[in-house]
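The next block holds one structure in the form of structure tokens; read it before the comments.
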Amino acid sequence: MFKRFLSVFIAVLIIPCFAYAGDEISAESAIVIDAYSGKVLFDKNSAKTRPMASTTKLMTCLLACESGRLNDLVCITEEMLWGTEGSMIYLKAGDTITLSDLVKGAMLASGNDAANSIAVFLSGSVKAFVDEMNLRAVEIGMLSTKFVTPSGLDKGGHSSTAHDMALLACEAVRNSELMNIACLTAAEITISGKTQTVYNHNKLLSADKSFIGIKTGYTKKAGRCLITAYKYGGSVIVTVTLSAPDDWNDHKRLVSRAKKCYKCINASQTVKINAVGAGKDLISAKYSYSCFALGGVNVREYYYPFVYAPVTKGQVLGRAEVYIGGELITTTDIIATEGISLWQITK
């Protein structure tokens, strides 16, 4: 197939796109970032190091999803449950549960026992898993983060920044297995053959279906912490607030303002394709797409270098893929806008 690359760009002011007065956002630290381009739309003390509570579990569950072992059966041990307190899914030594259900328990119900069980199962010990968390953090660019626990319980300088947690969220958004879990308002999990329902602590998922996750958190030291992802016309807006007494409303306000930074791109493109066996050399085809973007999109066209007659109007001759920051956001058909008949010689 022939492949052609096009770019469509629009000029917008993007860094920072908007600002709030200090008393309009309750969070001590906050950031809004476009997940695919990495462009910062709003910033409030995002580089300040703070505890981040159970938003930590986003890294724990990302590593679980990247392990390729979600279908594995985990046998819960005493070691997995050592030191766990607070939010639980109430695992007991000897229980069996899939790694996938442990991720659901950690992401939705914020089970500290689920997070610890993931850690010990994947790495043999909490310490070894925490080392993996910190290595992955460096790969992502989270250079101001120190993971000490897989659950987010405060211990030994466990801390990050709103900026670093936004980078983690952008990485998580690209993991479909994790996001398929993060967007659930509730899920059934099976522990030792018995099914129970766990519920997502993120009530924004029910308030607006464009919210697609990601993680809540709270400890007395960290305060209320929240990371959300908001799907907007092919783009994803990631918002992080740390120590935010009014986090639900903070995120609603920040996303509402962030959406105004995006521009709608409505585009159509005509393609001329060589025709063989027809009375004309070229046939016209067309595709259209619509999306919201901060700066621009890249389009990749895929079609054969020629088509054989006959071709009917409306026939699909290829496809066009629309990308933002290297992320595929939509695919549309390249469709013939005219028909051509088989060329015939008359005697």
Side-chain angles (χ1 to χ4, degrees), residues 14-17 19-20 22 25-64 66 106-107 110 112 115 119 123 126-175 178 182 213-229 236-245 247 250-251 254 258 325:
I14 51 177
I15 302 179
C17 179
Y20 270 114
I25 298 299
S26 74
E28 293 293 331
S29 295
I31 191 170
V32 182
I33 189 169
D34 179 79
Y36 297 148
S37 69
K39 293 172 182 174
V40 175
L41 308 180
F42 173 83
D43 184 287
K44 179 184 178 182
N45 300 325
S46 72
K48 185 173 180 61
T49 302
R50 298 179 180 276
M52 62 292 199
S54 284
T55 59
T56 298
K57 294 184 178 78
L58 186 56
M59 175 63 88
T60 301
C61 293
L62 176 63
L63 290 176
E66 290 178 342
M107 285 296 295
S110 207
N112 295 323
S123 298
V126 168
K127 183 183 183 304
F129 186 78
V130 167
D131 289 342
E132 292 297 322
M133 294 172 73
N134 285 309
L135 285 172
R136 191 71 177 92
V138 171
E139 291 175 357
I140 293 171
M142 302 171 66
L143 302 183
S144 300
T145 297
K146 179 184 178 183
F147 289 115
V148 179
T149 70
S151 62
L153 291 173
D154 296 319
K155 181 181 177 182
H158 184 88
S159 60
S160 186
T161 65
H163 175 267
D164 277 10
M165 295 307 288
L167 295 181
L168 173 58
C170 291
E171 191 76 9
V173 163
R174 292 176 169 83
N175 189 294
L178 180 56
I214 302 179
K215 191 69 192 76
T216 60
Y218 173 81
T219 64
K220 187 175 181 179
K221 182 179 180 181
R224 294 181 62 85
C225 302
L226 181 61
I227 304 174
T228 60
V236 175
I237 301 169
V238 164
T239 305
V240 179
T241 53
L242 301 180
S243 187
D247 53 2
D250 281 354
H251 282 244
L254 289 168

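Bear in mind that the values here come from a model prediction, so they are computed numbers and not experimental data. Because only heavy atoms are used, hydrogens play no part in the values below, and waters and symmetry mates are left out as well, while side chains stay in.
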CA sep, side-chain torsions, deciding dist, call: I33, C170, side chain to side chain contact (heavy atoms under 4.5 Å, CB included): CA-CA 8 Å; I33 189 169; C170 291; 3.9 Å; yes
From CA spacing to verdict: side chain to side chain contact (heavy atoms under 4.5 Å, CB included), V238, T228: CA-CA 6 Å; V238 164; T228 60; over 6 Å; no
Cationic N near anionic O, under 4.0 Å, R224 to D247: yes
side-chain hydrogen bond (donor to acceptor under 3.5 Å, both in side chains) partner of T145, chosen from N134, T161, D164: D164
Check: T60 side chain, P150 main-chain N or O, donor-acceptor pair, under 3.5 Å: yes
SB check E66 R136 (cutoff 4.0 Å): yes
Test item: N45 side-chain N/O and E28 main-chain N/O as donor-acceptor pair under 3.5 Å: yes
Residues T239 and H251: side-chain donor-acceptor under 3.5 angstrom: no
Least distance between heavy atoms, A229 atom then V173 atom: CB-CG2, 4.2 Å
Nearest atoms (heavy-atom pairs only) where S151 meets N112: CB-OD1, 3.4 Å
Value rounded to 0.5 Å, distance of CD1 in I237 from CG in L41: 7.0 Å
From R50 atom CZ to S243 atom OG, the distance as rounded to the nearest 0.5 Å: 5.5 Å
Residue pair A222 / M52: nearest heavy atoms and the distance that separates them: CB-N, 4.3 Å
Closest non-hydrogen atom pair between K44 and A27, with its separation: NZ-O, 2.8 Å
Heavy-atom pair of closest approach, residues D43 and V40: CB-CG1, 4.3 Å
I31 side chain reached by F42 side chain, heavy atoms, under 4.5 Å: no
V236 and D34: CA distance, side-chain angles, deciding distance, side chain to side chain contact (heavy atoms under 4.5 Å, CB included) verdict: CA-CA 6 Å; V236 175; D34 179 79; over 6 Å; no
Reported NZ-to-CG distance for the pair K215 and L62, which is rounded to 0.5 angstrom: 14.0 Å
For the student: nearest non-hydrogen atoms of K48 and S29, plus distance: CB-OG, 4.1 Å
Student check: side-chain heavy atoms of T55 and L226 closer than 4.5 Å: no
Note, M133 side chain near L63 side chain (heavy atom, < 4.5 Å): yes
D154: salt bridge (Lys or Arg N to Asp or Glu O under 4.0 Å) partners, not counting sequence neighbours: none
Test item: side-chain donor near acceptor, S110 and S54, under 3.5 Å: yes
H163 side chain reached by L167 side chain, heavy atoms, under 4.5 Å: yes
M165/M142 under side chain to side chain contact (heavy atoms under 4.5 Å, CB included): CA gap, chis, key distance, verdict: CA-CA 8 Å; M165 295 307 288; M142 302 171 66; 4.0 Å; yes
Gap between atom CZ of F129 and atom CE of M59 - 0.5 Å precision: 8.5 Å
CA sep, side-chain torsions, deciding dist, call: H158, T56, side-chain hydrogen bond (donor to acceptor under 3.5 Å, both in side chains): CA-CA 9 Å; H158 184 88; T56 298; 2.7 Å; yes
Atom pair OG1/CG of T241 and D250 - distance to nearest 0.5 Å: 6.0 Å
Spacing of I227 atom CD1 and L58 atom CG [to the nearest 0.5 Å]: 5.5 Å
